[in-house]
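Right, one structure below, let's go through it.
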2 protein chains.
Amino acid sequence: MTNFVSANRIAEIGAVIGDVTRATILMTLMDGRAFSAGELAAESGVTPQTASGHLAKLTEAGLVTVHQQGRHRYFRLSSGDVAELIEGVSALIAAGPLRYRPTGPKDRAMRLARTCYDHLAGHLAVRVAENMEVRGFISLSDGTAVLSKEGRRYVCDFGVDLENPAYCRRDLCRACLDWSERRFHLGGRLGSGLLDRFVALGWLRRMPGSRALLITRAGETGFAREFAFRVGDEQGDDMGASLNTGAGRDAFEDAS
Amino acid sequence: MTNFVSANRIAEIGAVIGDVTRATILMTLMDGRAFSAGELAAESGVTPQTASGHLAKLTEAGLVTVHQQGRHRYFRLSSGDVAELIEGVSALIAAGPLRYRPTGPKDRAMRLARTCYDHLAGHLAVRVAENMEVRGFISLSDGTAVLSKEGRRYVCDFGVDLENPAYCRRDLCRACLDWSERRFHLGGRLGSGLLDRFVALGWLRRMPGSRALLITRAGETGFAREFAFRVGDEQGDDMGASLNTGAGRDAFEDAS
DNA sequence: ACGATGCTTCGGTCGTGACCGAAGCATTTG
DNA sequence: CAAATGCTTCGGTCACGACCGAAGCATCGT
């Protein structure tokens, strides 16, 4: 009725997400890369016409933006906000009222390390952020992370180019809540640059058809040396999961 | 395909939100109170049968929980996560790609102070949290806010009962991103208790049919004295809005 | 210029789901 | 025990939207 953002608009966004094909497209785009219409059609198992219609709706709703290149049209999520929204829905499902919570090997991989839009997420991301905070490189306060002078130098030495024009106009360093961990990790220009660097160093490898990231042998030693992170040292993993369960079921014993 | 939380589940949640009547119901429940099925039917302008069907779907999806009392059935959001999700959708719309962004008087009231599930949100909430952090009562770090010893004493003296069993099993103090401000404010047991206390003191009054909160005369002096907050002192309000615009439109000039 | 490729628009089919009237169960009240 | 109230289930109508085949438009390659 007299609501700020009208229920109509909320429902519009919901309806756009609420189709399996469109949701599949969004999930595919969740790793931040751009895909052509044809690729997205194949990936979601529909004909090009159908995908085209869906992509038009996604674009119309502002969830996705187009980038024409020759006779191809590349689609990507239009902002990190969209990715965060989808992760928010995932959080509801993962923390959700029981019902099947996935725990297979692929799911463990996702919890361990995955892309979130253009940066790193999951257990590894949280640990890296923690380590950088302990060393005084960043400080997470009041929602926006701040990169210290020493942090800037460290990151530069590490090989991240913070001045890359492709990242311009982005917040340098953005704290981003991780649904599988409920802790903060790094987004923004810094998070994006770090992910690129990790991939360039061969520490992480993208898994085809998934947002999960593989930690290579080089990565194992690299993360251990630079960020004191050892694979298998995942006491935080299960803890995070059970913590979710607790937080999802809030208290509803009223004094009624 | 090989995604963690399957696109099917994402779409399920989306479809549940993606109906105007259900979205209206959710918006009504956004202030954290429970409403009977009949009330929700009237509020959303459908017959009781129809509303009943919608409420069954919302419950089935885990967004809403029921609380039977005599021949009435009261519905409420099943967790703060759900409220945060809806606020996330609002954030997309408010920061969105242009299209009509509301700026009327009611909207200003919403930006200034509103309920978010069971706690306070908006400009006022952010300012209160900031003030409490400056005074060393809380520290927002790494996503979870921590209440200091002095903070606990202060809050108790202020009249908030943190031991109230109705709040048990909730995180004491939860940092919660505000979509209209993009800063953190207080949720959890503390945020909930503070809101109750503000209302009890007559500083805030719920507006019928809206999530907006009215700051009373008593509130004006009270917030000024206790939290150094003056109404009209809203340089952060417009700033927050324009900041949203900037953050929503991220950089997509690729080196392509 | 010609055909091939990538994507979109058009037209028509089909399934899903929102809605209400009527009837059915509970619970409370007289 | 009846009548009233609050909500749900059932049955049937209707509209919206997802899907594909066919055709239409661009762009690229030769």
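Side chains are part of it too, since the values below use all heavy atoms of this structure and drop only hydrogens, waters and symmetry mates. The structure presented is a predicted model; accordingly, all values stated were derived computationally and were not measured. The sequence lines fix the lettering, A, B, ..., with proteins before strands; numbering per chain opens at 1.
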Which one, D:dC28, D:dG17, D:dC19, comes nearest to the side chain of A:V46? D:dC19
May I have the distance from B:R71 (atom CZ) to D:dG6 (atom P), rounded to whole angstrom? 6 Å
Does C:dG17 have its OP1 or OP2 closer than 4.0 Å to a side-chain nitrogen or oxygen of B:K57? no
Establish, with yes or no, whether the OP1 or OP2 oxygen of D:dC7 is under 4.0 angstrom from a side-chain nitrogen or oxygen of B:S36. yes
Can you measure A:I25 atom CD1 to C:dC7 atom C1' for me and round it to whole angstrom units? 14 Å
Atom pairs, N/O to N/O, protein against nucleotides 8-13 of chain C, distance under 3.5 Å?
from  : atom 1 : to    : atom 2 : distance (Å)
C:dT8 : OP1    : A:R73 : NH1    : 2.6
C:dT8 : OP2    : A:S52 : OG     : 2.6
C:dT8 : O5'    : A:S52 : OG     : 2.9

Atom pair distance, as rounded to whole Å: NE2 in A:H72 and C1' in D:dC28: 9 Å
Using OP1 and OP2 only, check whether a side-chain N or O of A:H54 sits under 4.0 Å from D:dC19. yes
Of B:E39 and A:R22, whose closest DNA chain D nucleotide lies nearer the 5' terminus? B:E39
Run the salt-bridge test on A:R211 and A:E87 with the 4.0 Å N-O cut-off and return the result as yes or no. yes
Are any of A:T50's side-chain N or O atoms less than 4.0 Å away from OP1 or OP2 of D:dA18? no
Would you say B:T47 reaches C:dG21's phosphate, i.e. side-chain N/O to OP1/OP2 under 4.0 Å? no
